[in-house]
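We name chains A, B, ... by the order of the sequence lines, and we start the count at 1 in each one.
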There are 2 protein chains.
Amino acid sequence: MSKQMTEMLKGTLEGVVLAILAVQPAYGYEITARLREQGFSDIAEGTVYALLVRVEQRGLVDVAKVPSEKGPPRKVYSLNASGGEYLEEFWRTWRFLAERIEQLHQGEK
Amino acid sequence: MSKQMTEMLKGTLEGVVLAILAVQPAYGYEITARLREQGFSDIAEGTVYALLVRVEQRGLVDVAKVPSEKGPPRKVYSLNASGGEYLEEFWRTWRFLAERIEQLHQGEK
DNA sequence: TTCCACTACATAGTATCACCGGGTAGCGAA
DNA sequence: TTCGCTACCCGGTGATACTATGTAGTGGAA
């Protein structure tokens with residue numbers, strides 16, 4: 001992954017994962033797969049798990065342990081009310097930043 | 001500044017500053033002021049100076065010392081060829097990320 | 001003169017975050 | 001048994017923005 005992308009993901013990857021959980025609950029391995037599907041092909045697995053630990057500790061998600069047919073039990077994360085608010089705040093922040101950056105891109109030419 | 005914004009700026013602030021320099025050369029204090037004008041009202045002065053040191057060391061900008069009528073001499077930064085390429089790469093990375101995030105925002109509803 | 005406000009640059013220390021490399025464990029197929 | 005896939009976890013690293021503070025030069029007010 002390019003260094004630029006790595007740095008740019010800081011702060012946004014969290015929102016991306018929460019947005020995925022907003023659609024429907026999912027477990028870590030699944031989230032990683034979904035990220036890859038959506039174009040984030042180089043997100044490291046370890047990164048996702050670390051992120052999930054953080055959002056769980058901050059109380060943004062609820063966790064349920066579900067046995068799996070294949071491999072160890074899954075930890076299924078779902079966005080709770082607090083997480084929903086946090087996600088909305090994320091979108092506001094993103095909008096703010098994106099608008100200003102787009103503006104800069106225009107002004108540059 | 002919100003923590004979300006702080007984290008989201010990581011990786012993007014650099015591109016923002018380079019984009020400002022792409023329009024015309026500027027010195028640190030001036031860049032800080034321009035950022036505030038453009039809505040980034042809470043960027044700390046020290047953050048900008050630290051960033052300028054980094055981009056200078058990476059050879060993305062040229063520097064000229066210019067005496068000021070008021071206060072100490074200014075260090076005027078201008079984007080060079082290498083910085084121009086880097087900025088283009090930044091825009092590509094930004095576009096990629098922004099598109100995927102917008103897509104998520106749609107899919108969420 | 002003395003003091004303050006504004007301009008202008010600089011830096012040491014802190015927190016956060018994504019990545020790297022590796023590890024643990026359960027299950028089914030060759 | 002061994003391999004491959006599923007699934008989770010962790011310690012250490014590098015990069016970045018922020019906080020708080022300091023240094024200097026200039027000009028105007030008290």
Side-chain angles (χ1 to χ4, degrees), chain A residues 1-18 25-36 40-58 60-61 63-77 86 90 93 97, chain B residues 1-18 25-36 40-58 60-61 63-77 86 90 93 97:
Chain A
M1 178 128 52
S2 80
K3 237 169 223 173
Q4 270 189 354
M5 184 56 94
T6 294
E7 290 306 319
M8 227 181 267
L9 279 173
K10 291 187 180 178
T12 57
L13 183 58
E14 189 177 286
V16 167
V17 169
L18 292 181
Y27 53 96
Y29 194 82
E30 188 184 5
I31 293 171
T32 306
R34 204 154 293 172
L35 284 170
R36 295 192 202 287
F40 299 103
S41 48
D42 297 315
I43 304 284
E45 222 187 316
T47 300
V48 175
Y49 287 108
L51 190 157
L52 288 171
V53 168
R54 286 200 302 272
V55 294
E56 181 184 357
Q57 277 172 353
R58 272 189 259 153
L60 305 178
V61 292
V63 186
K65 212 146 204 173
V66 179
S68 164
E69 322 85 45
K70 294 188 153 198
R74 299 165 172 168
K75 278 180 77 177
V76 176
Y77 296 84
Y86 186 86
F90 168 80
T93 308
L97 182 63
Chain B
M1 179 126 54
S2 80
K3 238 168 222 175
Q4 270 190 353
M5 183 56 94
T6 292
E7 290 307 319
M8 227 181 266
L9 279 174
K10 291 185 181 179
T12 57
L13 183 58
E14 190 176 287
V16 168
V17 169
L18 293 181
Y27 52 97
Y29 194 80
E30 188 185 5
I31 293 171
T32 306
R34 204 154 293 172
L35 284 170
R36 294 193 202 287
F40 299 102
S41 48
D42 295 315
I43 305 285
E45 223 188 316
T47 300
V48 175
Y49 286 108
L51 191 157
L52 288 172
V53 167
R54 288 200 301 271
V55 293
E56 180 185 354
Q57 278 172 352
R58 271 189 261 153
L60 306 177
V61 293
V63 186
K65 212 146 203 172
V66 179
S68 164
E69 322 84 44
K70 293 188 152 198
R74 298 165 173 167
K75 279 181 76 177
V76 176
Y77 296 84
Y86 187 86
F90 168 80
T93 308
L97 182 61

Validation: residues 1-14 of chain B side-chain donor-acceptor distances under 3.5 Å, sequence neighbours left out:
from, atom 1, to, atom 2, distance (Å)
B:S2, OG, B:M5, N, 3.0
B:Q4, OE1, A:F90, N, 3.3
B:Q4, OE1, A:T93, OG1, 3.1
B:Q4, NE2, A:Y86, O, 3.4
B:T6, OG1, B:S2, O, 3.3
B:E7, OE1, B:K10, NZ, 3.2
B:E7, OE2, B:K10, NZ, 3.3
B:T12, OG1, B:M8, O, 3.1
B:T12, OG1, B:L9, O, 3.0
B:E14, OE1, B:R58, NH2, 2.9
B:E14, OE2, B:R58, NH1, 3.3
B:E14, OE2, B:Y86, OH, 2.6

Between P on D:dT16 and CG on A:L97, what's the gap in Å once rounded to a whole number? 16 Å
Which residue pairs pass the side-chain hydrogen bond (donor to acceptor under 3.5 Å, both in side chains) test with at least one member in residues 64-74 of chain B, sequence neighbours excluded? B:Y27-B:R74
When rounded to the nearest 0.5 angstrom, what is the spacing between OH in A:Y49 and CZ in A:R54? 15.0 Å
I need a per-nucleotide contact map over nucleotides 24-30 of chain D, read 5' to 3'. Cutoff is protein heavy atoms under 4.0 Å; write B for the base, S for backbone only, - otherwise. BBS----
Work out which heavy atom in A:R34 is nearest to a heavy atom in A:A26; give both atom names and the distance. NH1-CB, 4.4 Å
Chi angles and distances behind the side-chain contact (heavy atoms from CB on, under 4.5 Å) call for A:V63, A:V76: CA-CA 6 Å; A:V63 186; A:V76 176; over 6 Å; no
Report yes if a side-chain nitrogen or oxygen of A:Y29 is closer than 4.0 Å to either non-bridging phosphate oxygen (OP1 or OP2) of D:dT6; otherwise report no. yes
Length of the line joining A:E56:CD and D:dC8:P, which is rounded to integer Å: 12 Å
Tell me: CZ of B:R74 to P of C:dC9, nearest whole Å? 8 Å
Let me know the distance between CZ of A:R34 and P of D:dA7, rounded to the nearest Å. 12 Å
Sort me out a list of protein N/O and nucleotides 12-19 of chain C N/O pairs below 3.5 Å, or just none if empty.
from, atom 1, to, atom 2, distance (Å)
C:dT16, O2, B:K10, NZ, 2.6
C:dC17, OP2, A:R54, NE, 3.3
C:dC17, O2, A:K10, NZ, 3.0
C:dA18, OP1, A:L9, O, 3.3
C:dA18, OP2, A:R54, NH2, 2.4
C:dC19, OP2, A:T47, OG1, 2.8

Indicate yes or no: at least one non-hydrogen side-chain atom of B:V61 is less than 4.5 angstrom from one of B:L18. yes
Are any of the side-chain heavy atoms of B:V48 and B:I43 separated by less than 4.5 Å? yes
Separation of B:L52 CG from B:T47 OG1 (nearest 0.5 Å): 11.0 Å
Phosphate-side-chain proximity, A:Y27 and D:dA7, N/O vs OP1/OP2 below 4.0 Å: yes
Could you tell me, to 10°, how much the axis swings from one end of the helix from C:dT1-D:dA30 to C:dA30-D:dT1 to the other, five pairs per end? 20°
Rounded to the Å, how far apart are A:Y49 OH and C:dC20 P? 17 Å
Could you check A:I31 against A:V17 for side-chain contact (heavy atoms from CB on, under 4.5 Å), going step by step and ending with a plain yes or no? CA-CA 7 Å; A:I31 293 171; A:V17 169; 4.2 Å; yes
Would you mind reading off the distance between A:E45 atom CD and D:dC5 atom P, rounded to a whole angstrom? 13 Å
Expressed as a whole number of angstroms, how long is the span from A:L52:CG to D:dC10:P? 13 Å
How long is the line joining CD of B:Q4 and C1' of D:dA17, in whole Å? 15 Å
Can you check whether B:R36 reaches B:T32 side chain to side chain, under 4.5 Å on heavy atoms? yes
Under the side chain to side chain contact (heavy atoms under 4.5 Å, CB included) test, residues paired with A:V53 that sit two or more places apart: A:Q57
